[in-house]
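Below is one structure, written out as C-alpha cells; the observations come after it.
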Amino acid sequence: AGFILNYLAKPILLEHFEPGFSGPKVSTMQGRVEVEDLTFKKSFLEELSNDLPANIKAGHIDKLVATVNYGALISSRNGKDPIQIDMANVRLILGSSDYKDSKKMTIKKMPEVLGHIPLD
C-alpha cells in the first residue's frame with residue numbers, strides 16, 4: 001500500500017489537484033484508491049480548456065474512487081476494464097472563452113470536443 005500511495009497516487013493527485021484533499025486511502029487487496037474533497041489546480045483547468053469553446057474557471061470533485069482489476073491488467077482476454085474511476089459530485093464552473101483560432105472549432109469538430117454527442 002505504501003508504494004501505491006507514495007509513488008503512484010500522491011504524485012498524480014498533486015500534479016492535478018490542490019493540496020488539502022482527504023486521503024488517499026489505499027486498499028491494496030481490493031485494488032482501490034479513494035480520495036475526497038479534490039479541487040482542480042488552475043494550471044490543469046487551463047490545459048483542459050485549450051480545445052474547448054469555453055474556459056473551465058474552477059472545478060471540484062467530492063469523491064473519486066479508482067479501482068484496479070489486477071486480473072484485467074495481466075490479461076486483456078477477460079473482457080473487463082483494468083481500471084475503473086468513479087466520481088461523485090463533479091462541479092465545474094465555465095466562463096466565456098478567449099478562443100483565439102475560431103477556425104479550429106468547426107461544427108464538425110464539436111462532437112469530438114463534446115464527447116461524440118450527436119448534434120441533431
Side-chain angles (χ1 to χ4, degrees):
F3 174 80
I4 292 171
L5 179 65
N6 293 320
Y7 296 100
L8 297 176
K10 273 195 177 176
I12 291 170
L13 290 168
L14 290 171
E15 183 178 344
H16 302 297
F17 299 99
E18 296 292 345
F21 48 81
S22 174
K25 298 174 192 163
V26 177
S27 172
T28 308
M29 295 303 290
Q30 294 177 354
R32 185 178 165 108
V33 176
E34 186 175 311
V35 190
E36 295 181 357
D37 198 23
L38 295 154
T39 301
F40 287 102
K41 283 187 173 181
K42 183 135 180 84
S43 59
F44 182 59
L45 294 175
E46 289 170 355
E47 184 180 322
L48 287 175
S49 296
N50 281 341
D51 292 326
L52 297 175
N55 284 329
I56 305 171
K57 301 289 187 184
H60 186 86
I61 301 172
D62 282 351
K63 185 175 185 178
L64 181 142
V65 178
T67 307
V68 178
N69 180 326
Y70 295 121
L73 280 176
I74 295 168
S75 169
S76 61
R77 289 182 252 165
N78 67 8
K80 294 184 180 179
D81 295 325
I83 300 173
Q84 177 178 324
I85 298 177
D86 297 304
M87 294 181 268
N89 297 324
V90 178
R91 291 179 297 282
L92 299 174
I93 298 174
L94 302 176
S96 63
S97 176
D98 299 331
Y99 204 76
K100 293 181 176 91
D101 189 358
S102 60
K103 292 179 184 174
K104 283 185 181 177
M105 183 55 65
T106 65
I107 200 72
K108 289 181 182 177
K109 188 167 179 172
M110 283 291 275
E112 288 177 35
V113 173
L114 299 175
H116 302 286
I117 297 171
L119 295 175
D120 321 65

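When reading the values below, keep in mind they use all heavy atoms of this one structure, side chains included, and skip hydrogens, waters and symmetry mates.
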Could you tabulate the donor-acceptor pairs under 3.5 Å formed by side-chain atoms of residues 14-22, not counting sequence neighbours?
none

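Every pair passing salt bridge (charged side-chain N to carboxylate O under 4.0 Å, His left out) that includes a residue from residues 26-49 is listed here, sequence neighbours excluded: R32-E34, E34-K63.
Evaluation of the side-chain contact (heavy atoms from CB on, under 4.5 Å) rule for N89 yields D62, R91 as partners, not counting sequence neighbours.
Cluster membership check: I12 does not share its hydrophobic cluster with F44, using side-chain heavy-atom separations under 4.5 Å among Ile, Leu, Val, Met, Phe, Trp and Tyr. Taking hydrophobic clusters as Ile, Leu, Val, Met, Phe, Trp and Tyr residues chained together by side-chain heavy-atom distances below 4.5 Å, I93 does not share a cluster with L38.
The closest side-chain heavy-atom distance from L94 to I56 is below 4.5 Å.
Across I61, V26, L13, a single residue satisfies side chain to side chain contact (heavy atoms under 4.5 Å, CB included) together with V35, and that is L13. Only one option out of L64, V33, V65 pairs with P24 in a side chain to side chain contact (heavy atoms under 4.5 Å, CB included); it is V33.
Counting all heavy atoms, side chain and backbone alike, G59 lies closest to L45 at N-CD1, 3.8 Å.
Under a 3.5 Å cut-off, the side chain of H60 and the backbone N or O of L92 do not form any donor-acceptor pair.
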